[in-house]
Amino acid sequence: MSEPKAVQTIPASADDVAFFREIEGLQGKRPMLVLPEGLTAEDIVALSMIAAERARQITAEGYTPAHDDRHETHGELELAGGEYLLHAGSGDGHRAQFPPGRPADIWPWDDDDWKPTTRVRDGVKGCALGVAGIAARLRRGEPVEG
């Protein structure tokens, strides 16, 4: 197994600040997704999977932005997304403790809504729920910060 790559952090540049200000100006509009340089093919596939899941949540499940805005009051979307991400990253023993219909206490919705499957699928669901939560915050006018 190869060693994980070190993550290099750099302070936000003037370009980063301008980028986030531009995003703030797009609230309420349908912007085009622009992928920055440096992403791998796997990153792009993962992002596509997340976008497809979010679209499925809207079109197949009826969890539209209007629905989310009526029900998202205390970070429920992010809490649910985080629970799926935690489950995706957990070992088999932990995963066995929380099968479908038996979520951890932090789960914000009905137990029947807890539907983990595979680690990848759980990660995708978690990220898509996070996207829904961020989108709801943007619609409420919360500021975008770098």
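When a residue number appears, it is its place in the shown sequence, counting from 1.
The nearest pair of heavy atoms linking D111 to P103 is OD1-CG, 3.4 Å. Scanning both residues, R137 and E78, for their nearest heavy atoms gives NE-OE2, 2.7 Å.
Between W107 and F98, a ring centre-to-centre spacing not shorter than 6.0 Å is recorded.
Using a 4.5 Å heavy-atom cutoff, the side chains of L129 and L79 are not in contact. Residues M49 and V120 meet the side-chain proximity criterion, which asks for heavy atoms closer than 4.5 Å. No side-chain heavy atom of W109 sits under 4.5 Å from any side-chain heavy atom of E83. Contact of the P116 side chain with the P100 side chain is registered, since non-hydrogen atoms from C-beta on lie closer than 4.5 Å.
A donor-acceptor distance shorter than 3.5 angstrom exists from the side chain of R119 to the backbone of S90, with no hydrogens or angles considered. Judged purely by atom type and a 3.5 angstrom limit, E142 has no side-chain atom pairing as donor or acceptor with the backbone of R140.
To the nearest 0.5 angstrom, L47 atom CG is 12.0 Å from E42 atom CD. One distance of note links CG of L86 with NE2 of H94; it measures 4.5 Å at 0.5 Å rounding. Expressed to the nearest 0.5 Å, how far OG of S48 lies from CG of D43 amounts to 10.5 Å.
A salt bridge between D122 and R95 is present, with a side-chain N of the basic residue lying under 4.0 Å from a carboxylate O of the acidic one. Here D68 pairs with R54 in a salt bridge; the nearest charged N to carboxylate O distance falls below 4.0 Å. Ion pairing between a basic and an acidic side chain is recognised when a charged N comes within 4.0 Å of a carboxylate O; K125 and E53 show no such pairing.
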Carefully, step by step, assess T40 and V45 under the rule side-chain contact (heavy atoms from CB on, under 4.5 Å). CA-CA 9 Å; T40 67; V45 168; over 6 Å; no
Step by step, work out the side-chain contact (heavy atoms from CB on, under 4.5 Å) result for Y84 and K115. CA-CA 9 Å; Y84 270 114; K115 301 172 187 174; 3.9 Å; yes
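A96 pairs by the side-chain contact (heavy atoms from CB on, under 4.5 Å) definition with nothing, not counting sequence neighbours.
Ring-plane geometry between W114 and H87 is classed as perpendicular, the angle between the planes exceeding 60 degrees on a 0 to 90 degree scale with a lower cut at 30.
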